[in-house]
**Q** 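This structure is in structure tokens; I'll ask about it shortly.
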Amino acid sequence: MTTQPAPAPLLIACALGIEHLALRMSDRSGAGGPVTVLRTGMGPRAAERSVTRVLGDPVLSRAAVLATGFCAGLAPGMHPGDLVVAEETRDPLGTVPCVGTELLVKELARTLPGRTVHTGPLTGSDHVVRGHDERSELRATGAIAVDMESAATLVSAVRTGARPVAAVRVVVDAPEHELVRIGTVRGGISAFRVLRSVLPTFFEWHRNVLLPRR
């Protein structure tokens with residue numbers, strides 16, 4: 001009798017307590033293997049340190065890694081609660097291609113019907129991006145959204161070993177809906193509810209890109 005290998009783990013990384021809370025409130029019954037939700041702390045350096053440390057544990061050495069949480073949209077027409085599926089992440093440390101983008105888009109459309117899903121490059125920043133000029137500069141590079149941790153998370157993940165990686169973010173701040181403007185609370189609540197609903201999509205991604213096929 002052939003012994004099936006143990007399912008490889010899934011590491012889901014986010015930065016903020018509110019993001020971690022949203023993911024903890026989600027239903028994990030559909031997981032196809034061990035799942036760890038890591039709160040890295042805010043900023044690229046914190047993400048790099050946390051992800052490198054956790055993946056150094058032999059239990060998680062083969063884990064697929066998915067970065068998630070909130071982001072700032074760069075493209076006109078984006079709204080709080082929209083989803084961003086990265087085709088790649090970019091920052092000064094390097095560009096990392098994402099795996100299974102089409103699957104994530106398909107599953108998000110099924111899990112969250114009516115929500116707009118954007119795909120494209122997700123860029124990293126070492127600070128909170130604000131204002132039209134800074135958004136325009138980042139948008140000119142081809143990026144559609146920005147956050148502080150996704151790029152550092154994926155760079156750190158692939159440096160520690162070959163593994164599938166991806167990034168899915170929820171827009172909380174957009175060109176026409178900046179956090180400093182009226183409506184911030186409503187937009188934040190919308191983004192929180194969306195983030196709380198995405199775990200089934202992550203589990204489906206995990207099963208398809210990493211687990212052994214029968």
Side-chain angles (χ1 to χ4, degrees), residues 4-15 19 22-23 26-38 40 47 51 54-55 60-71 73 75 81-91 93-124 142-147 149-171 194-214:
Q4 291 289 339
L10 170 62
L11 177 65
I12 300 172
C14 63
E19 297 167 341
L23 294 167
S26 303
D27 180 8
R28 299 196 190 186
S29 61
V35 178
T36 298
V37 179
L38 171 68
T40 64
V51 171
V54 168
L55 293 178
L60 290 172
S61 63
R62 298 186 300 122
V65 175
L66 194 149
T68 194
F70 303 133
C71 70
D82 285 3
L83 289 144
V84 172
V85 177
E87 294 176 342
E88 64 183 27
T89 59
R90 305 170 174 174
D91 76 354
L93 295 176
T95 297
V96 178
C98 294
V99 175
T101 298
E102 292 183 1
L103 171 65
L104 283 166
V105 171
K106 176 183 175 182
E107 289 300 316
L108 286 169
R110 184 180 63 82
T111 304
L112 294 163
R115 286 288 171 186
T116 301
V117 181
H118 307 268
T119 60
L122 176 62
T123 194
I144 63 167
V146 58
D147 75 89
E149 297 84 23
S150 291
T153 293
L154 298 201
V155 165
S156 302
V158 298
R159 280 181 174 175
T160 59
R163 67 186 76 248
V165 294
V168 177
R169 289 275 170 171
V170 183
V171 175
V194 172
L195 185 60
R196 194 175 60 188
S197 304
V198 296
L199 273 190
T201 296
F202 299 168
F203 296 156
E204 189 65 22
W205 174 82
H206 181 218
R207 278 190 290 269
N208 278 270
V209 302
L210 189 63
L211 296 184
R213 295 185 183 275
R214 296 182 184 273

**Q** Please collect all salt bridge (charged side-chain N to carboxylate O under 4.0 Å, His left out) contacts where either partner lies in residues 96-107, sequence neighbours excluded, each pair once.
**A** Glu107-Arg110
**Q** Quick one: list whatever passes side chain to side chain donor-acceptor pair (under 3.5 Å) with Arg196, sequence neighbours left out.
**A** none
**Q** Could you tell me whether the side chain of Asp147 reaches within less than 4.5 Å of the side chain of Val84, counting heavy atoms only?
**A** no
**Q** Rounded to the nearest 0.5 Å, what separates atom CG in Leu83 from atom CG in Leu195?
**A** 9.0 Å
**Q** Would you compute the distance between atom CG of Leu112 and atom OG of Ser197 and round it to the nearest 0.5 angstrom?
**A** 5.5 Å
**Q** Just wondering, do Glu19 and Arg169 contact through their side chains at under 4.5 Å, heavy atoms?
**A** yes
**Q** If you look at every heavy atom in Pro164 and Trp205, which pair is closest and at what distance?
**A** O-CH2, 3.9 Å
**Q** Check for a donor-acceptor pair, side chain of Arg115 on one end and backbone N or O of Asp82 on the other, with a separation under 3.5 Å.
**A** no
**Q** Compile the donor-acceptor pairs under 3.5 Å between side chains in residues 7-14 and protein atoms, sequence neighbours left out, one pair per line.
**A**
none

**Q** Between Ala157 and Leu55, which heavy-atom pair has the shortest distance, and what is it?
**A** CA-CD1, 3.7 Å
**Q** Does Thr119 have any side chain to side chain contact (heavy atoms under 4.5 Å, CB included) partners at least two apart in sequence or in another chain, and if so, which?
**A** Val85, Glu87, Thr101, Val105
**Q** My understanding is that only residues two or more places apart in sequence, or in another chain, count here; which of them pass side chain to side chain donor-acceptor pair (under 3.5 Å) with Glu204?
**A** Arg207, Asn208
**Q** When rounded to the nearest 0.5 angstrom, what distance separates CD in Glu149 from CG in Leu154?
**A** 11.5 Å
**Q** For a quick test of reading the model, state the closest non-hydrogen atom pair linking Val168 to Leu66 and the distance between them.
**A** N-CD2, 4.2 Å
**Q** What heavy-atom pair brings Arg90 and Pro121 nearest, and what distance separates the two atoms?
**A** NH2-CG, 3.4 Å
**Q** Please name the pair of heavy atoms, one in Cys98 and one in Ala86, separated by the smallest distance, quoted to 0.1 Å.
**A** CB-O, 3.3 Å
**Q** For Thr111, which residues count as a side chain to side chain donor-acceptor pair (under 3.5 Å) partner, sequence neighbours excluded?
**A** Thr201
**Q** Within the structure provided, determine whether Arg163 and Val65 are in side-chain contact (heavy-atom separation under 4.5 Å).
**A** yes
**Q** Which value, rounded to the nearest 0.5 Å, describes the distance between Leu122 atom CG and Ile144 atom CD1?
**A** 7.5 Å
**Q** What pair of heavy atoms forms the shortest contact from His206 to Ala64, and how long is it?
**A** CD2-CB, 4.3 Å
**Q** Checking side chain to side chain contact (heavy atoms under 4.5 Å, CB included) for the pair Cys71/Val146: CA distance, chi angles, key distance, verdict?
**A** CA-CA 6 Å; Cys71 70; Val146 58; over 6 Å; no
**Q** Using 0.5 Å steps for rounding, measure from the OG1 atom of Thr68 to the CG atom of Leu23.
**A** 6.0 Å
